[in-house]
Amino acid sequence: MLPLLHSLPADRVPACGETTSRPAASALRPYVVGYAGFRTVVDGHLRRRILPITVTTVIVDFAGPGSWITGPRSGHHVHELADWRYGVAIGLTPAGVSALLGVPLPELVGATVSPSTLLGRRAGELADRLGSAPDWPARFAVLDDLLATWLVTGRAVDDAATRAWWQLQRPGRTVGAVAGGLGIGRRGLELAFRRRIGMSPGTVARVARFQRAAHRLGRPGAALALATDHGYADQPHFSREVRALTGVTPGELFAFLQDLRRPAH
């Protein structure tokens with residue numbers, strides 16, 4: 001499962017909630033990377049730091065008005081009143097955006113839209129079905145069933161940009177090597193990403209590297225390991241990138257992630 005870290009609390013809040021995750025069913029994985037269940041137990045005002053991410057995220061809130069679709073993004077910002085409190089985040093690949101939402105991915109980059117805008121009545125059905133399920137495994141099973149029914153796979157495009165997007169999610173893949181492996185030049189790949197993905201290959205690789213590092217830092221018992229363990233040249237490089245992409249230091253990011261990764265019930 002690709003890392004799916006959409007946001008973090010913008011302020012340290014001890015025991016602020018719970019999270020759990022699961023990959024999508026194997027037949028869905030060209031379109032859906034997985035699901036992340038969340039429950040926030042903080043009352044009142046909650047600020048969240050929206051993080052760079054390479055996937056499109058469908059947030060389904062069971063208990064309030066906090067359902068949103070957010071596109072991939074290369075920067076961070078603080079959402080002053082985060083109204084998603086109890087629900088599921090669904091990560092969509094470029095093919096999944098085409099097959100489920102039916103819009104060009106570049107239109108969603110950096111954007112936030114209401115699910116009803118793109119899903120219509122299915123948005124309400126999704127929230128109702130998930131909210132009535134008794135636990136997280138049941139909710140994830142509902143998602144597997146509904147998404148398999150709703151995906152219009154004939155819309156999905158399997159082209160060089162889509163294949164390169166997948167390859168750049170993996171460690172150690174450079175843009176030049178990926179382009180060469182696909183038999184196209186780097187300039188050609190840049191143009192294909194502009195049309196199909198809406199972010200440059202270098203930006204996708206940069207954000208994917210950050211997401212992999214954040215995923216490792218959030219594991220139970222993780223330590224703030226050496227930068228080279230996360231694919232960075234050295235510690236100053238790691239620190240610069242984390243500050244640029246999140247607005248916090250690596251130590252602060254690590255503390256937030258360790259607070260967040262609590263087992264769900």
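Heads up: numbering here begins at 1 and tracks the sequence.
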Subject >> Atom of Arg122, atom of Trp150 and distance for their closest heavy-atom approach >> reply: O-CH2, 3.4 Å
Original post:
Got a second to check how far Trp84's CH2 is from Ser67's OG, nearest 0.5 Å?
Top reply: 11.0 Å
Subject >> Atom pair CD/CD1 of Glu190 and Ile197 - distance to nearest 0.5 Å >> reply: 12.0 Å
Subject >> Short side-chain donor-acceptor distance under 3.5 Å, Thr54 and Gln211 >> reply: no
**OP:** Could you tell me whether the side chain of Glu107 and the main chain of Pro104 form a donor-acceptor pair under 3.5 Å?
**Re:** no
Original post:
So do Leu143 and Leu28 actually touch side chain to side chain, heavy atoms under 4.5 Å?
Top reply: no
**OP:** Apply side-chain contact (heavy atoms from CB on, under 4.5 Å) to Val204 and Val175, showing your working.
**Re:** CA-CA 10 Å; Val204 168; Val175 174; over 6 Å; no
Subject >> Flag side-chain contact, heavy atom, 4.5 Å: Thr93 against Trp165 >> reply: yes
Original post:
Can you list the residues that meet the ring pair (Phe, Tyr, Trp, His ring centres under 6.0 Å) rule with Phe62, with sequence neighbours excluded?
Top reply: Tyr86
Original post:
Heavy atoms, side chains only, cut-off 4.5 Å: are Ser98 and Arg196 in contact?
Top reply: yes
Original post:
When clusters are formed by joining ILVMFWY residues with side-chain heavy atoms under 4.5 Å apart, either directly or through shared neighbours, do Val88 and Val33 land in the same one?
Top reply: yes
**OP:** Answer yes or no: is there a side-chain heavy-atom contact under 4.5 Å between His79 and Ser7?
**Re:** no
Original post:
Quick one: side chain to side chain contact (heavy atoms under 4.5 Å, CB included) partners of Thr174, sequence neighbours excluded?
Top reply: Ala177
Original post:
Taking C-beta and beyond as the side chain, do Leu5 and Leu257 meet within less than 4.5 Å on heavy atoms?
Top reply: yes
Original post:
Hey, what do you get for CG (Leu151) to CG (Leu146), rounding to the nearest 0.5 Å?
Top reply: 10.5 Å
Original post:
Does the side chain of Phe210 reach to within under 4.5 Å of the side chain of Leu253, using non-hydrogen atoms?
Top reply: yes
**OP:** Go through the structure and list residues passing side chain to side chain donor-acceptor pair (under 3.5 Å) with Thr70, not counting sequence neighbours.
**Re:** His6
**OP:** Walk me through it: do Tyr35 and Leu147 pass the test side-chain contact (heavy atoms from CB on, under 4.5 Å)?
**Re:** CA-CA 12 Å; Tyr35 317 121; Leu147 296 181; 3.9 Å; yes
**OP:** Quick one: closest heavy-atom pair of Ala164 and Val178, and the distance?
**Re:** CB-CG1, 3.6 Å
Original post:
Measuring from Ile69:CD1 to Leu101:CG, what's the distance to the nearest 0.5 Å?
Top reply: 5.0 Å
Subject >> Test item: Arg209 side-chain N/O and Pro171 main-chain N/O as donor-acceptor pair under 3.5 Å >> reply: no
Original post:
Between Asp234 and His237, which heavy-atom pair has the shortest distance, and what is it?
Top reply: OD1-N, 2.9 Å
Subject >> Separation between CG of Leu92 and CG of Leu4, rounded to the nearest 0.5 Å >> reply: 9.5 Å
**OP:** Examine distances only and state if a side-chain atom of Arg139 and a backbone atom of Gly87 form a donor-acceptor pair shorter than 3.5 Å.
**Re:** no
Subject >> Atom pair CZ (Phe256) and OG1 (Thr246), whose distance is rounded to the nearest 0.5 Å >> reply: 9.5 Å
Original post:
Would a hydrophobic clustering, with Ile, Leu, Val, Met, Phe, Trp and Tyr connected at side-chain separations under 4.5 Å, put Phe140 with Ile90?
Top reply: yes
Original post:
Is there a side-chain contact between Ile50 and Thr112, using heavy atoms and a 4.5 Å cut-off?
Top reply: no
**OP:** Following the transitive rule for hydrophobic clusters with a side-chain heavy-atom cut-off under 4.5 Å over Ile, Leu, Val, Met, Phe, Trp and Tyr, establish whether Leu245 and Phe238 coincide in one cluster.
**Re:** yes
Subject >> For the student: nearest non-hydrogen atoms of Pro72 and Thr56, plus distance >> reply: CD-OG1, 3.3 Å
Original post:
Do Val248 and Arg49 have side chains that get closer than 4.5 Å, going by heavy atoms?
Top reply: yes
Original post:
Can you name the nearest heavy-atom pair linking Ile53 to Val207, along with the distance?
Top reply: N-CG1, 3.4 Å
Subject >> Heavy-atom closest pair, residues Arg29 and Ala24 >> reply: NE-O, 2.6 Å
Subject >> Residue pair Val103, Val97: steps toward the side-chain contact (heavy atoms from CB on, under 4.5 Å) verdict >> reply: CA-CA 7 Å; Val103 296; Val97 170; 4.1 Å; yes
Subject >> Joint cluster assignment, Leu191 & Leu168, ILVMFWY side-chain distance < 4.5 Å >> reply: no
Original post:
Applying the 4.5 Å side-chain criterion to the ILVMFWY set and letting contacts propagate, would Ile59 and Trp136 be lumped into a single cluster?
Top reply: no
